[in-house]
Chemist: 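What follows is a single structure, and I will ask about it in a moment.
In listed order, ligands and their atoms are each counted from 1. Below, all heavy atoms of this structure are taken into account, side chains as well, without hydrogens, waters or symmetry copies.
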Amino acid sequence: IEPGPNMVIFVPLNIILLDPSAGAAAVGYLAYKKFISKDKCCKAMVNLHIQKDNPKVVHAFDMEDLGDKAVYCRCWRSKKFPLCDGSHTQHNDETGDNVGPLIIKRKEA
Ligand code: FES
């Protein structure tokens, strides 16, 4: 098990009591994995579903094609990605996150 960002480090008391050096080594290793190690395995992915076979998801639009207003997803949960479909509301409710769309609109003359 890899320690996550909110995981509590737990080392059984009997390990510490029977062999304090092993207990100290275990605590040190787990603390290293939690706070210092940069293993990719412990970092959360932002993109869970969109074009996972693509090494990098990129979208480009011409400014002239945007119309008066364009709303782009930044939570990566939209079924109409890269456009926002409001899925960020459910994501925020479920996770406590606070993400929302990027809105680009033409200035009123
Ligand atoms: S659906 Fe992703 S920001 Fe709205």
Chemist: Can you tell me which portion of Val99 lies within the under-4.0 Å heavy-atom range of ligand 1? Options are side chain, backbone, both, or neither.
Modeler: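 Under 4.0 Å from ligand 1, Val99 contributes no heavy atoms.
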Chemist: Would you say Asn47's side chain and Ile50's backbone share a donor-acceptor pair under 3.5 angstrom?
Modeler: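 Checking the backbone N and O of Ile50 against the side chain of Asn47, a donor-acceptor pair under 3.5 Å is found.
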Chemist: Is Lys52 atom NZ crowded by more than 12 heavy atoms from other residues, nucleotides or ligands, each under 6.0 Å away?
Modeler: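 Above 12, so yes.
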Chemist: Can you name the atoms of ligand 1, numbered from 1 with element, that are less than 4.0 Å from a heavy atom of Asp85?
Modeler: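 Every atom of ligand 1 under 4.0 Å from some heavy atom of Asp85: 1 (S).
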Chemist: Under a 4.0 angstrom heavy-atom cut-off, which atoms of ligand 1 come close to Pro101?
Modeler: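 Under 4.0 Å from Pro101, ligand 1 has these atoms: 3 (S).
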Chemist: Quick one: which ligand 1 atoms are inside 4.0 Å of a heavy atom on Arg74?
Modeler: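 Listed by number with element, the hits are 2 (Fe), 3 (S).
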Chemist: For the residue pair Phe61 and Tyr72, categorise the inter-ring angle as parallel (less than 30°), tilted (30 to 60°) or perpendicular (more than 60°).
Modeler: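 Phe61 vs Tyr72 ring planes: tilted.
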Chemist: So which heavy atom on Val99 is nearest to which on His91, and how close?
Modeler: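 Closest heavy-atom pair between Val99 and His91: CG2-CD2, 3.6 Å.
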Chemist: Flag Cys73 as yes if one of its N/O/S atoms falls below 2.8 Å of atom 4 (Fe) of ligand 1, otherwise no.
Modeler: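 Of the N, O and S atoms in Cys73, none lies under 2.8 Å from atom 4 (Fe) of ligand 1, which means no.
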Chemist: Can a salt bridge be assigned to the pair Asp68 and Arg106 using a cut-off of 4.0 Å between side-chain N and carboxylate O?
Modeler: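 Yes, Asp68 and Arg106 are salt-bridged.
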Chemist: Would you mind running through ligand 1 and noting each atom that sits below 4.0 Å from a heavy atom of Ser78?
Modeler: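 Counting atoms of ligand 1 from 1, those under 4.0 Å from Ser78 are 1 (S).
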Chemist: Quick one: look up the protein heavy atom nearest atom 4 (Fe) of ligand 1 and list residue, atom name and how far away it is.
Modeler: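 Its nearest protein heavy-atom neighbour is His88 ND1, 2.1 Å.
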Chemist: Counting only N and O atoms by type, is there a donor-acceptor contact under 3.5 Å from the side chain of Ser78 to the main-chain atoms of Leu83?
Modeler: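 The answer is yes, because a donor-acceptor pair under 3.5 Å joins these two groups.
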